[in-house]
Amino acid sequence: MGSESNQKDTAVSEYDPQALQAKWQQRWEEQDPFRASEDAADPRERRYMLDMFPYPSGDLHMGHGEVFAIGDVVARYWFQQGYNVLHPIGWDSFGLPAENAAIKRNAHPAEWTYANIDVQANSFKRYAISFDWSRRLHTSDPEYYRWNQWLFNRFFERGLAYRKGGLVNWCPNDQTVLANEQVVAGKCERCGAEVVRRELTQWYFKITDYAQRLLDDMSQLEGGWPERVLTMQRNWIGRSEGADVVFEIEGREEPVHVFTTRPDTLFGATFFVVAVDAALADEIVTDEHRAEFEAYRAEVAKLSDIERLSTDKDKSGVFLGRYAINPVNGERIPVWAADYVLADYGHGAIMAVPAHDQRDLDFALKFGLPVQVVVHTGLADPGETGEATPGEGTLVNSGPLDGLTKAEAIATIIRSLETDGRGKGAINFRLRDWLLSRQRFWGTPIPIIHCPDCGEVPVPDDQLPVTLPDLRGEALAPKGISPLAGATEWVNVACPKCGGAAKRDTDTMDTFVDSAWYFLRYTDPNYTDGPFDVEKIREWGPIDMYVGGVEHAVLHLLYSRFFVKVLHDMGMVGFTEPFMRQLGQGQVINGGKAMSKSLGNGVDLGKQIDDFGVDAVRLTMLFASPPEDDIDWADVSPQASQKYLARAFRVMDEVASAPGGDFAQGDLALRKVTHKTIDEVTKLIESYRFNVAIARLMELTSAARKAIDSGPGAGDPAVREAAESLAVMLSLVAPYTSEEGWERLGRTGSVALAGWPVADPALLVEDSVTAVVQVAGKVRDRLEVAPDISEDDLRALALASDKVRAHLSGEPRKVIVRAPKLVNIVP
RNA sequence: GCCCCCGUAGCCCAAUGGCAGAGGCAAACCCCUUAAAAGGGUUGUAGUGCGGGUUCGAAUCCCGCCGGGGGCACCA
C-alpha cells in the first residue's frame, strides 16, 4: 500500500455506527457466541455474571443503559479471559404497573407485559449485551411461578410461612399491603402515597429466624460488597443486646416481659409504658380509665405514620389505672399507654427510666412522673435540666449495683435476674418478618386452601401451579380486597385433605418472592423436577458478580440472602450467600436532578442510540465516572465518545501490514506503550475502574495514531500489535466498532472471543526513570537513572548534583532515599 | 438527632504517603482546505472546601469546622 494521501483517502472508510450495528447484530444472531457450556468435559473454569433483571415497564431507559453496560464489561472480560461464562437475562414480569395498564386499556396484564418484554429484548440485542439468550425466563410464566408456590409449600412445612393478624402497612393508592422494607419515610416505596396502618390477617415469611445469620454471614461479603450496602443491611437488621426483664402487673396472672438495653438502670424505672395499639393495653386498662384510653387510641389511629413517627412530636399517652412491680425493689410503678412505644418491637412494652433515656424523660416531665437518677455521670440532674444522661457513669441508688460501672452493672444485674428467674440476657432485632401477601392480581397466587374443617391446607405439589384466572380490565380495579376474590369459580374448590367445600387464598405473593431466587433457575430455566437443578447449581453457584442499583440494598438483596440460607438448610444449595461480589451502580441524572416526566428533563436511551450509536452511548456511560457514581448526562458528551470511536476505528482500519507478522520486529517505543497499556487496563478492569481503563485505551490510540502519522508508519508490526490489542480491549466497551476493526485487520472470528492480550514483562521495564531530588521538600533537580539503581548510588548521585548543592550549606541532617524515584534531603 | 461517603482546573474525573494532572469536555491557537465541516496537532489555567496536627514529605493519615449526597431515625 502506498503512502500517498489520496490513495489513503479512498481506502479509509467512513465510520458509520448504524451500519455496523445492522451488520454485526445479524452476525451475532447467527453465531450465538455467548452461550454458556454445560458440558462436564469443558475444562474452562466457570464464572457466573448476573445483572439485576429488569421490570418490563416499557423500553429500556438510561438507567438500564448504564447497569447493563457495566455488567457487560465484566462478562466480556471473562469471555476474553477464557472462562465458561454464564451471563443470563430474564424479566421480573409480575407487578402492579401491568395491572394498572390493563385496567386502563380493558385488557389482560399479560398483553402489556409480554409486549414490553419483546421491546426490551430487541433493545438488549441492539445494545449488544453478551447474554446467553437460551436461558431467558419470565417470572409471570406459570412454569416459573409454579416454583414460587412449591417453595412456599416448603417454607410452610418448615414453619417459615405463617399467617397472623396485626397492624400492617397499607398503601391507599395501590390498595394493597406493603412489607416494612417497602415503606420509605412513611410513604409507599413504589407510588409515594402516605401509608396507613390497618388491622389485617396476612401471610409472612419468618425472616426473623435468620436475623443473626443474615448478620453473621456478612463476614463472607466484606470486601466483595460495597461497604455502604453492608452498613444499610446491618442497620436494617438492627441487632441490640440487652435483657428481658419480667414485671408483675397487679391484678394480672401472667407477668409481662420487657426488653431493655439498659438493665443496669432497672432501679431507676419509675413507670411502665405499653404500646397503645398492643393487645396488652386493651386488656389491662381499668374500667375507670377505659373511656379515656379508647379515645386516645382512636386519636392515634387517625394519625398517619409520618405524623406518628415524627421525632419532634410531643409525647402523648394515658394512664391505664394499673401498677407494675419493679422486680428488683418491689416498687409499684404506674402503667401508661403511649404511642412512642411500638407494638411490634420487643414485647410492645417498656420499663421507663426517665433519668437516662430522653424519650422517657420527655414523657415523665409532661405527665409529672418521678425522675430517679441511678447512674452518676457528673452531669446535672435530668429532672432539672430536661436532658437525660444516657452515658457512662457509676451506679447509685441501686442497692447491690452501687459503685459499679455501667458494663459491670449490666453483667451483674443480668446474672442476678437469671438466678431469680426474673429475667435474662436477650438480643432483639429491628428486622420484622416479611409480609408477603398482596391484595393484587398480577402475581403468584398463594397456594393455600382455607377449609372450615382442616384450616390452612397447602395445594399439593402435584397440583401446582395454581394458575391465575382470566381476569381483565375492570375486574382488576382495586377494591381493597384481592381481585381474585371476585373469581368465584376459581375461589371455590374442594379441600385437598377432606374433600369438603373450601376456598382458595385470594392474595398473591409480593413480587420480591419472584426475584429472591430467580438467579438459581437460570442454570436450567426449563427444569421440571424442581425450582432448579441442584446439580447445576453446584456447578455454577454462587454468583461471582452481581451488578445492579443500590436502591435494592435492603429489599431484594436481603430477601435473596434469606432464601438462599433456607435453601441451604433444605440441602438444595451448597453455599450460604448467593452473591460473592456486588457492584452497585449510580443513577443517570440530568442537569443535577433525577430524570422525570414532571421535570421534563428525561433523556431517551433509544434516541441517544439513534443519534450517536450503541458503542458511543456505552462508552459515555462507562467513561463518565466510576461505576458507583451518578452520571449527570448534562456533563458528558456522547458526541465526543463517537469521535473517539471513529479515531480508534481509523487506527485499526489503516494498519498496512498483513496479519500474523512478527511483532518483535516492530517499533520498540510503541510496543512498550502497548504492553504497558495491556498491563494497566487489565488491572483496572479487575478493580472495576472502567473510566480509567478507557482513558488508557485513548492514550494507546493516540500513540498508534502518532506512530502511523509521524513514526514508523502504518506498515510497522508494532502498529498492528497496538491496533489488535486495542480492538480486543475496546471490545468490552464498544463491541461493534471492535468487530469491524478486527475484520478490517484481516482477523477472522468474533473479536469478543479473540482472547485477552497478555503483557510481555520484558516490555514493561523502563530503560531509565526520572529520579526527583528534593531539598526540604522542594524539587531541585531531576536525574535520569537506571530503574534498578541502588539506594546508595542514588544518594551519592543526588548529593553530587550541583543544583542540589546550591541549596545546601554544610552536611545535610537527613537524606531519605526511595529508589529509583525520589531523594529528599533535609538540610 | 446519630452513622457513613464525597469536596482536585470553568465542567466530568486521575493521582491512596513521594514531581498535583493520566484521560475527556469546554476554551484558545496552529496545520490541512478556495472555504467550511471532518481530520491532525499545540496550549494554558488548579496547589487539592477551610483551619489545625502527625511526617523528611500530606490531595492521600488524624482532629475540628463548612458545603454536598446517602442511610437510620420514638427500635427501648
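The chains referred to below are lettered A, B, ... by the order of the sequence lines, with proteins before strands, and numbering in each begins at 1.
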Span that lies between the P atom of B:A59 and that of B:A9, in whole angstrom: 14 Å

Rounded C1' spacing from B:U42 to B:U60 in Å: 33 Å

Shortest side-chain distance from A:S625, nucleotide among B:A76, B:C72, B:C13: B:C13

Flag side-chain contact, heavy atom, 4.5 Å: A:V785 against A:V769: yes

Candidate nucleotides B:A76, B:G18, B:C74, ranked by approach to the side chain of A:V341 - the nearest: B:A76

Check: A:K821 side chain, B:C19 base, donor-acceptor under 3.5 Å: no

Nucleotide nearest A:P626 when distance is taken to its side chain, options B:A14, B:A22, B:G71: B:A14

A:R647 vs B:G40: side-chain N/O to OP1/OP2 distance below 4.0 Å: yes

Aromatic centroids of A:F272 and A:W336 separated by under 6.0 Å: no

Distance in angstrom units between A:K643 NZ and B:A37 P, rounded: 11 Å

Distance between P atoms of B:G17 and B:G10 (Å, rounded): 28 Å

Distance, rounded to the nearest Å, where A:M621 contributes CE and B:C12 contributes C1': 15 Å

Gap in Å between the two P atoms, one belonging to B:U43 and one to B:G24, rounded: 12 Å

Exercise: do A:N691 and A:S625 side chains pair donor with acceptor under 3.5 Å: no

Length of the CG-C1' vector between A:D357 and B:G1, whole Å: 13 Å

Residue mapping more 5' on RNA chain B - nearest nucleotide basis, A:G348 or A:S637: A:S637

Sugar-phosphate, base or nothing in reach of A:T231, heavy atoms under 4.0 Å: nothing

Nucleotide nearest A:V692 when distance is taken to its side chain, options B:A14, B:G24, B:G18: B:A14

Sugar-phosphate, base or nothing in reach of A:V636, heavy atoms under 4.0 Å: nothing

For B:C25, the Watson-Crick or wobble counterpart (both distances under 3.5 Å): B:G10

Short side-chain N/O contact to B:A14 OP1/OP2 from A:N691, under 4.0 Å: yes

Spacing of A:E227 atom CD relative to B:G71 atom C1', expressed in whole Å: 13 Å

Touch class at under 4.0 angstrom, heavy-atom based, for A:R432 against every strand present: base

B:G53, syn or anti by chi within 90 degrees of zero: anti

Of the listed nucleotides B:U42, B:C12, B:G39, the one nearest the side chain of A:R650: B:G39

Sugar-phosphate only, base, or nothing, as touched by A:N824 at under 4.0 Å among non-hydrogen atoms: base

Short N-O contact, A:R432 and A:D344, less than 4.0 angstrom: yes

Nearest-angstrom distance from the residue atom CZ of A:F690 to P of B:A14: 13 Å

A:F363 and A:F271 aromatic centres sub-6.0 Å: yes

B:C50 to B:U8 separation - P atoms, rounded to the nearest Å: 10 Å

Short side-chain N/O contact from A:R228 to OP1 or OP2 of B:C3, under 4.0 Å: no

Nucleotide of B:G23, B:A76, B:G40 approaching A:I350 most closely (side-chain heavy atoms): B:A76

Distance-only donor-acceptor check, side chains A:Q608 and A:W633, under 3.5 Å: yes

P spacing across the pair B:G67 / B:G49, given as an integer number of angstrom: 16 Å

A:K814 side chain near B:C56 phosphate (N/O to OP1/OP2, under 4.0 Å): yes

Pairing partner (Watson-Crick or G-U wobble, both distances under 3.5 angstrom) of B:U45: none

Whole-Å gap separating P (B:A38) and CD (A:Q642): 12 Å

Pair partner, B:G1 [Watson-Crick or wobble, under 3.5 Å]: B:C72

Gap in Å between the two C1' atoms, one belonging to B:A27 and one to B:C63, rounded: 41 Å

Charged N-O contact under 4.0 Å between A:K683 and A:E686: no

Between B:G39 (P) and A:L645 (CG): distance, integer Å: 12 Å

N or O in side chain of A:S240 less than 4.0 angstrom from B:A76 OP1/OP2: yes

Side-chain ion pair, A:D709 and A:K706, N-O less than 4.0 Å: no

Of A:I825 and A:R262, the one whose closest RNA chain B nucleotide lies more 5': A:I825

B:C25 to B:G39 separation - P atoms, rounded to the nearest Å: 11 Å

Per A:W236 side chain, nearest of listed nucleotides B:G18, B:C72, B:A14: B:C72

A:W225 CH2 - B:G71 C1' separation (whole Å): 16 Å

Nearest-nucleotide pick for A:D709, side chain only, options being B:U42, B:G40, B:A14: B:G40

